[in-house]
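Worksheet: one structure, shown below.
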Amino acid sequence: MTTVETVGGEWIRRDGDNVTLTITRCHACDARWFPPRDVCSHCASTDVHDEPTGDRGVVYASTVVRAGPAAYRPPYVLSYVDIDGVRVLAHGGTGEAFAPGTPVRLGIGEIGRTDAGPLMSYVITAEDGAR
Amino acid sequence: MRPVYVAGAAVHPFGKHPGIKAADLGYAAVRDLLARTGITPEQVDAGFGGSTYGGSLLAQRVLQRVGVSGQPVYTVENACASGAAAVHLGWQLVATGQADCVVAFGADNLTGFGGGTLPLTTGDIEIEQGMVMPAAYAMRAQRYLHDFGAAPEALSAVSVKNRRNGAANPRAHFQGEVSPADVAGSRPIADPLRLLHCCPNSDGGAAVLLCSAEIAAQLPTPAVRIRASAVRSGRFHTGYRDMTWPEITARTAKAAYAMAGLAPSDVDIVELHDAFAIAELLHAEALGLADRGQAHKAIVAGEFDRDGRVAVSPSGGLLSRGHPVGATGATQICEAYWQLTGQAGDLQVPGAEVALTHVTGGGIFGVDNGACAVHILTTD
């Protein structure tokens with residue numbers, strides 16, 4: 001039997017094939033945060049609430065990591081993805097980096113593997129027709 | 001505030017020294033510093049030691065071996081900016097009249113980690129997803145090339161220049177030149193960065209003596225003045241920041257230029273934080289050495305060469321000199337000191353009168369960097 005560890009799993013929302021993330025919005029200054037928090041890290045207001053993102057984003061930048069921790073099994077693609085006011089790091093894609101501006105969709109997948117089993121997290125895939 | 005001087009500098013050569021602990025590297029530099037300046041332990045009012053991986057109480061463990069024991073001593077951790085932060089704190093004490101003579105040093109030993117990418121230990125969400133420093137810089141590089149139409153060859157030009165400079169530096173980790181073909185043919189690390197676009201994990205130590213005008217006048221060693229010493233932290237947010245513009249560098253540099261009453265065009269030599277080749281382009285722009293989006297043209301045109309418009313990393317920079325993280329900020333001050341006092345040997349930039357050093361620390365989640373330090377030094 002293997003244990004599945006999910007990185008950031010407490011912030012992942014899944015509804016069928018639809019995957020979104022939980023972010024925090026500050027009502028005092030409109031800042032948005034990921035991972036969520038109970039105090040705004042801009043204005044320190046506690047007038048904040050959690051809300052879901054959409055399930056689609058746009059790649060800001062991307063790379064293929066060819067030297068990195070063995071648990072993530074290099075080479076792996078890392079990208080910064082802009083989603084509804086937050087920028088998140090995500091695995092996804094194969095072989096080469098996404099071009100900046102690539103539209104992507106959130107999903108859940110394996111990002112690595114340790115002795116304890118697979119390491120799961122939110123991942124991205126290019127939307128149809130995009131690369 | 002009163003003027004503060006650097007009146008001595010010493011470096012334990014950078015490189016792979018697996019048998020020498022961080023404290024021993026720092027000790028070698030501090031011992032050499034006291035020998036060069038003739039400063040006695042009783043004259044030292046305070047000590048600051050910067051280190052990231054050297055362990056608890058590194059500054060005490062180093063300074064007590066040379067008789068600096070009982071005075072206020074602090075070990076400073078600000079990631080790659082640790083050594084520069086130690087210098088900044090020493091500068092504060094002398095500038096405000098609380099001390100006349102301070103030893104500031106930095107030391108780290110990274111061979112203890114084996115090889116590969118530097119382990120990141122802060123346990124944030126990105127590190128849990130496999131983020132490593134080359135990946136962070138690689139994404140900045142991809143976006144810079146995309147936004148400004150730069151060619152990857154501009155990245156290689158940084159490596160070629162800094163390896164050429166470092167080839168003449170007896171304190172550098174790498175003392176050999178590389179060609180553009182060498183860089184292009186080196187092992188890929190994180191696209192578009194290759195091995196020769198990355199600084200090595202090194203071991204080393206560096207120390208400087210900070211003092212008042214009165215002390216400086218008594219010493220056999222020449223002195224240079226610290227015109228500005230500025231440290232800032234990163235502004236945290238998880239929104240859409242522009243990763244081609246290290247605003248922490250721009251903000252820290254602006255404070256330093258204002259303190260010094262100098263402009264980027266006044267600067268003769270710069271030692272900046274070229275942990276990866278792209279970093280030189282980003283920081284050169286944020287320091288005002290090139291217009292926004294134009295540093296890739298400046299590097300290819302030779303404007304940052306030792307005999308160019310402004311000498312950027314005449315010591316070889318992190319790419320050649322190496323990057324024992326806590327020691328880097330302190331060794332930059334040493335290199336600037338030797339340049340401004342005409343003691344830089346084969347590295348000497350003729351007539352250098354104004355030097356700027358810049359180091360950033362820590363690519364932690366949510367900020368460009370956790371810390372940034374900028375110092376401006378002048379011959380008078």
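These values consider heavy atoms only, across backbone and side chains, with no hydrogens, waters or symmetry-generated copies.
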Validation row: B:Phe236, A:His42 side chains within 4.5 angstrom (heavy atoms): no
Interchain contact, A:Ile23 with chain B, by part (heavy-atom threshold 4.5 Å): neither
A:Tyr76 versus B:Gln129, side-chain donor and acceptor atoms under 3.5 Å: no
Side chain / backbone / both / neither for A:Ile111 at chain B, heavy atoms under 4.5 Å: side chain
Side-chain donor/acceptor of B:Arg143 to backbone N/O of A:Pro100, under 3.5 Å: no
Chain A contact via B:Leu145 - side chain, backbone, both or neither, heavy atoms under 4.5 Å: neither
Per-residue contact mode, A:Ser121 against chain B (heavy atom under 4.5 angstrom): side chain
Under 4.5 Å from a heavy atom of chain B, the part of A:Arg37 involved: side chain
Neighbour count >12 (heavy atoms, 6.0 Å) for atom NZ, B:Lys254: no
B:Pro188 versus chain A, the contacting section by heavy-atom distance below 4.5 Å: both
Heavy-atom proximity to chain A below 4.5 Å, by part of B:Arg241: both
Side-chain touch B:Met139/A:Leu89, heavy atoms, less than 4.5 angstrom: yes
Closest contact, heavy atoms only, B:Ala135 versus A:Val65: CB-CG2, 3.7 Å
